[in-house]
Amino acid sequence: MNFLEKKILEEAIVLEESILKVDHFINQQLDIEILRYIGQQFATHFSDKAITKILTVEASGIAFALATALNMGDIPVVFAKKGLSKLNSDDYSAVVYSFTRKQNTNIWVNKKYIKAQDKILIIDDFLANGSAVSGLIEIGTAAGAQISGIGIVIEKSFQGGRAVIEEKGYSVFSLARIASLANNQIVMAE
Ligand code: 5GP
């Protein structure tokens with residue numbers, strides 16, 4: 001069991017058998033030891049991919065994208081903004097369904113920040129049904145960039161996100177994989 005999995009098992013709280021509350025080290029307060037660990041793990045795993053840019057979505061993905069970038073030669077981090085863009089031709093945008101808020105949200109990135117020659121590493125805090133990552137893939141590919149890696153901090157493997165992303169032809173690397181939250185018990189995948 002790795003450092004992050006141990007922290008989740010010991011400290012995370014389960015809500016409604018499907019949502020993991022990790023506000024005190026991932027989603028509101030950031031535990032810097034965990035952040036450093038996550039950045040190092042992603043940077044090591046994707047070190048041979050010649051990544052030129054990290055793409056995430058505000059707000060929770062930014063810290064992990066940054067921690068990774070600091071370990072990958074200070075490559076730029078771009079984060080998709082949530083909400084209505086001006087919906088003009090200056091932006092790439094996608095509609096994502098928010099698993100936690102149960103509503104559609106528009107995410108967008110200005111075209112200046114992703115170019116066709118970019119090799120993109122997508123980073124996010126959670127993978128549930130795969131909508132956020134799918135939206136980021138849509139934005140990256142609309143720019144003509146290559147999606148060269150997908151790194152997830154916490155994957156809930158009992159939801160369909162991994163299959164959705166793999167069906168699009170991409171592989172997913174997750175630092176912690178949760179097999180079940182049934183009966184409010186956290187069970188890690190093997
Ligand atoms: P998906 O788009 O894969 O369905 O859900 C991923 C997004 O929803 C993540 O960006 C994350 O913000 C949020 N999310 C999904 N499941 C959880 C969860 O169990 N806990 C928290 N804190 N956020 C989640």
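For the numbers below, each heavy atom of this structure counts, side chains included, while hydrogens, waters and symmetry mates do not. Counting starts at 1 for both ligands and their atoms, following the listed order.
- Shown are Val172, Leu175, Ile178; of these, the side-chain contact (heavy atoms from CB on, under 4.5 Å) with Glu155 is made only by Val172.
- Taken from CG in Asp31 to CG in Leu35, the straight-line distance is 8.5 Å, to the nearest 0.5 Å.
- Contact atoms of ligand 1 toward Ser131: 1 (P), 2 (O), 3 (O), 4 (O) (distance under 4.0 Å to a heavy atom of the residue).
- Here the side chain of Gln41 pairs no donor or acceptor atom with the backbone of Ile38 at under 3.5 angstrom.
- In this view, Ser180 and Ala182, Val187 satisfy the side-chain contact (heavy atoms from CB on, under 4.5 Å) rule, not counting sequence neighbours.
- Nearest non-hydrogen protein atom to atom 22 (N) of ligand 1 is Asn27 OD1, 2.9 Å.
- Among all non-hydrogen protein atoms, the one lying nearest atom 10 (O) of ligand 1 is Asp124 OD2, 2.8 Å.
- In this structure, atom 11 (C) of ligand 1 lies nearest to the protein heavy atom Asp125 OD1, 3.5 Å.
- Residue pairs satisfying the salt bridge (charged side-chain N to carboxylate O under 4.0 Å, His left out) criterion with at least one member in residues 41-63, sequence neighbours excluded, are listed as follows: Lys53-Asp118.
- Counting heavy atoms from C-beta on, the side chains of Arg177 and Arg162 come closer than 4.5 Å.
- Looking only at side-chain heavy atoms (C-beta outward), Ile54 and Phe42 stay at 4.5 Å or farther from each other.
- Residue contact annotation: Gly161 has no non-hydrogen atom under 4.0 Å from ligand 1.
- Ranking protein heavy atoms by distance to atom 8 (O) of ligand 1, first place goes to Phe99 CB, 4.2 Å.
- For atom 4 (O) of ligand 1, the closest heavy atom belonging to the protein is Asn129 N, 2.8 Å.
- When atom types are taken as modelled, the side chain of Glu5 and the backbone of Ala176 share no donor-acceptor pair closer than 3.5 angstrom.
- The shortest N or O to N or O distance between Ala128 and ligand 1 is below 3.5 Å.
- Protein heavy atom closest to atom 20 (N) of ligand 1, with residue, atom name and distance, is Leu20 O, 2.8 Å.
- Counting only heavy atoms of the protein, atom 21 (C) of ligand 1 lies nearest to Phe126 CE1, 3.3 Å.
- Protein heavy atom in closest approach to atom 16 (N) of ligand 1: Lys156 NZ, 2.8 Å.
- Counting atoms of ligand 1 from 1 in the listed order, those under 4.0 Å from a heavy atom of Ala132 are 2 (O).
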